[in-house]
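Written out below as structure tokens is the structure these notes cover.
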Amino acid sequence: MDEVKIKDQAARDAALRVADYEHGWSSAIETDFAPKGLTEDTVRFISAKKNEPEWMLDWRLKAFRHWQTMETPDWAKLNVPPIDYQDAYYYAAPKAKPKLSSLDEVDPEILEVYKKLGIPIEEQKVLAGVEGARKVAVDAVFDSVSVATTFREELKRAGVIFLSISEAIREYPELVKKWLGKVVPMHDNYFATLNCAVFSDGTFVYVPEGVRCPMELSTYFRINAENTGQFERTLIVADKGAYVSYLEGCTAPMRDENQLHAAVVELVALDDAEIKYSTVQNWYPGNAEGLGGIYNFVTKRALCQGKRSKVSWTQVETGSAITWKYPSCVLNGDDSVGEFYSVAVTNNFQQADTGTKMIHNGKRTRSTIVSKGISAGKSNNTYRGIVRVAPNAESVRNFTQCDSLLLGSTCGAHTVPYIEVRNPTATVEHEATTSKISDDQLFYAMQRGLGQEEAVALIVNGFAKEVLQQLPMEFAVEAQKLLGISLEGSVG
Amino acid sequence: MLRIENLHATVADKPILKGLSLAINAGEIHAIMGPNGAGKSTLSYVLGGRPGYEVIEGSATFEGQDLLDMEPHERAAAGLFLGFQYPVEIPGVSNVQFLREALNAQRKARGQDPLSGGEFLKVAREKAGLLKMDMDMLKRPVNVGFSGGEKKRNEMVQMGILDPKLAILDETDSGLDIDALRTVGDGINAIMRRPDKAVLLITHYQRLLDYVQPDFVHVLAGGRIVKSGGPELALELEREGYAEIAA
Ligand SMILES: Nc1ncnc2c1ncn2[C@@H]1O[C@H](COP(=O)(O)OP(=O)(O)OP(=O)(O)O)[C@@H](O)[C@H]1O
Ligand SMILES: [Mg+2]
């Protein structure tokens with residue numbers, strides 16, 4: 001796992017813990033660390049490790065040099081402790097995780113979460129990094145090697161390219177060069193530029209003209225096989241008339257405290273193509289006192305370049321200490337369609353600032369935004385969205401629905417919609433509601449036999465239903481369980 | 001089955017129940033009548049364990065167990081059902097999902113195996129049929145957009161599915177049309193009139209009692225039971241009003 005340790009107050013505890021494990025690391029593994037800090041050498045080191053061609057290194061260095069001139073962003077509703085980028089490792093071997101000899105050494109809190117998620121015991125061992133578990137798990141539980149292989153065969157027959165971005169850079173340089181950085185430009189924002197310089201791995205998908213991808217693509221298997229890191233880079237291209245549904249996210253909790261997760265996801269849909277991109281994010285949110293947790297600063301954008309193309313983002317965000325994420329659609333093609341369905345849950349001291357941008361450049365482009373924010377504890381949950389209609393974009397339609405649900409009185413929900421319409425033929429609608437889980441509802445559900453937490457989970461799932469039903473079936477089930485788990489202890 | 005002794009309860013520090021005593025045995029049907037604001041719904045909430053309803057004195061036992069010491073869902077699993085005067089809406093959650101989760105939570109608490117989706121639907125279909133409710137209604141979100149009468153009928157379908165030992169039905173008859181009243185009355189008899197079950201009907205009118213004949217009728221006024229009698233007491237109240245008795 002490529003690790004970035006962030007120096008701040010909350011990181012101390014985690015740093016101490018890592019120091020404790022230092023003796024457990026073999027010397028062979030230590031040599032796989034990039035030098036600490038972030039310099040041109042770090043960038044060269046990463047590129048060399050990945051056997052990248054010259055053009056890729058040049059691209060990374062260009063990004064790095066620009067990044068050095070950039071200012072850290074203004075955080076709006078977020079309260080972000082300063083990050084020391086020099087006090088961090090940008091490349092570390094997968095095995096650098098501390099090895100534990102049995103599940104007894106794993107934090108019982110984590111095991112409890114695994115149990116609730118119904119993850120089999122062997123799989124729990126893998127997730128927790130218990131020594132000797134992987135082989136068993138791979139063979140007996142995941143069988144990810146053979147699954148991944150059958151999978152690849154079938155995709156190959158359909159002509160779909162699905163591999164890690166590192167492989168794609170070597171094997172399909174022309175395709176990658178054509179689209180990399182075209183949706184999210186290198187200079188787009190601080191974290192996207194950083195990602196360009198140091199991205200470690202990620203996913204590349206190309207669905208050729210007229211092909212309907214024969215299965216849902218998922219990072220799930222790849223994460224287990226390759227340990228994708230914090231600076232992921234995903235590029236998905238759907239050629240004319242192609243269709244693909246992509247599921248992102250590890251549905252099991254990860255305990256990687258105080259890490260920066262700065263991914264970039266670029267989607268391209270050409271004429272009549274459709275991409276459905278679903279995320280269930282449950283990175284470690286920090287503990288109940290607000291210590292630790294992932295900083296999730298992700299740039300996700302789709303280019304609906306083709307006529308009648310369509311991109312649909314669905315996200316269920318329950319994890320991370322801080323989330324800063326706006327999956328967006330640039331609707332260039334006439335009659336193209338952008339959709340954004342989001343559930344964001346914050347509890348304890350979590351902060352989420354999330355939403356979307358729908359940029360209507362093409363004629364008769366349509367967008368739908370459904371955002372469901374659920375806040376509990378002392379958390380803050382902000383929807384921030386832009387709907388922009390360009391002067392030449394005739395007959396654009398947008399519908400936005402933002403609903404907030406509050407659990408308790410110490411949390412916050414905010415809705416910040418920006419609407420910029422420069423063509424009078426546009427129809428832009430915005431609806432927003434804020435409600436509380438009512439005592440009436442809780443008592444009613446409990447009187448019928450549900451425990452308090454089951455009752456909360458049920459009511460919250462009802463609130464989020466419109467979004468959850470956009471997810472593929474098995475993902476929806478996971479997401480429902482996650483919503484319940486992440487809100488435990490938030491009422492009463 | 002249910003034994004309430006000298007129950008005192010407050011809502012928002014305001015005393016509502018002031019020394020209420022009542023005993024209900026298995027196989028019996030009791031009716032409670034009384035003026036608006038007397039504390040009838042309060043009694044049902046206190047027995048259900050609703051937060052905010054403080055018991056400051058007295059006791060309530062259910063089959064020998066201290067009811068007041070149990071969480072609301074534990075009381076439900078023990079076999080207590082409240083038919084709400086104002087049934088609550090839960091958007092986005094279908095009746096089927098709601099009731100299946102509720103029933104299985106109760107079964108789990110009792111150490112029984114959960115019902116599968118198919119087994120549950122069979123029960124649901126049967127009880128909905130008994131109450132002449134369309135299965136399509138059961139697929140809709142709990143009480144959302146239901147008419148007043150439909151909500152009350154839905155409460156009875158829920159009762160049928162959950163199959164409690166003791167049902168406290170708070171003004172289940174209000175809002176029902178003439179035909180629905182008969183259907184609901186027949187439903188209550190079919191589901192609850194059994195030697196091992198009991199019902200406490202809270203009502204303002206004789207009309208429901210025409211269908212569900214009570215063994216005992218009580219008058220609740222000023223937070224206490226001020227008079228008890230047989231079915232004839234309800235008829236007397238309907239003629240005379242509460243003025244005489246409550247005075
Ligand atoms: N939260 C509250 N704060 C203050 N008073 C309350 C509260 N809830 C209930 N009460 C009062 O308690 C009293 C009893 O109410 P309850 O609902 O039990 O009456 P009821 O006998 O069911 O009346 P009805 O026949 O109208 O349904 C009423 O005077 C009511 O105003
Ligand atoms: Mg009442």
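Order of the sequence lines fixes the chain letters, A, B, ..., with proteins taken first and strands second; residue numbering starts at 1 for each chain.
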4.5 Å side-chain heavy-atom contact, [X] and [Y]:
X       : Y       : result
F84(B)  : D440(A) : no
Q441(A) : P91(B)  : yes
F98(B)  : Y444(A) : yes
I459(A) : I90(B)  : yes

| request: Could you tell me which non-hydrogen atom of V93(B) sits nearest to which non-hydrogen atom of G462(A), and how far apart they are? | output: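 Smallest interatomic distance, heavy atoms only, reads CG2-CA, 3.6 Å.
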| query | Of all heavy-atom pairs between F443(A) and G49(B), which one has the smallest distance, and what is that distance? | reply |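 The pair with the smallest heavy-atom distance is CE1-C, 3.8 Å.
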| Side-chain donor or acceptor of R448(A) paired with backbone N/O of Q106(B) under 3.5 Å |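 The answer is no, because no donor-acceptor pair under 3.5 Å joins these two groups.
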| Are the side chain of Q447(A) and the backbone of L80(B) linked by a donor-acceptor contact shorter than 3.5 Å? |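 Such a contact is found between Q447(A) side chain and L80(B) backbone.
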| field | Best-contacting candidate, G48(B), A102(B), P87(B), against chain A by heavy atom pairs under 4.5 angstrom | value |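 That would be A102(B).
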| With respect to chain A, which residue among A76(B), P51(B), A109(B) yields the maximal number of heavy-atom pairs within a distance under 4.5 Å? |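 Answer, by heavy-atom pair count under 4.5 Å with chain A: A76(B).
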| query | Say you draw a straight line from CD of E101(B) to CG of L450(A); how long is it, rounded to the nearest 0.5 Å? | reply |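 Taking CD in E101(B) and CG in L450(A), the distance rounds to 6.5 Å.
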| field | Region of E89(B) in contact with chain A, defined by heavy-atom distances below 4.5 Å | value |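 For E89(B), the backbone is the part near chain A, not the side chain.
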| Residue part contacting chain A, namely of R50(B), when any heavy atom lies under 4.5 Å |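 Both backbone and side chain of R50(B) come within 4.5 Å of chain A.
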| Using non-hydrogen atoms only, which part of F463(A) is less than 4.5 Å away from chain B: side chain, backbone, both, or neither? |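 The backbone, not the side chain.
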| said: Report which part of A445(A) has an atom under 4.5 Å of a heavy atom belonging to chain B: side chain, backbone, both, or neither. | reply: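 For A445(A), backbone and side chain are both near chain B.
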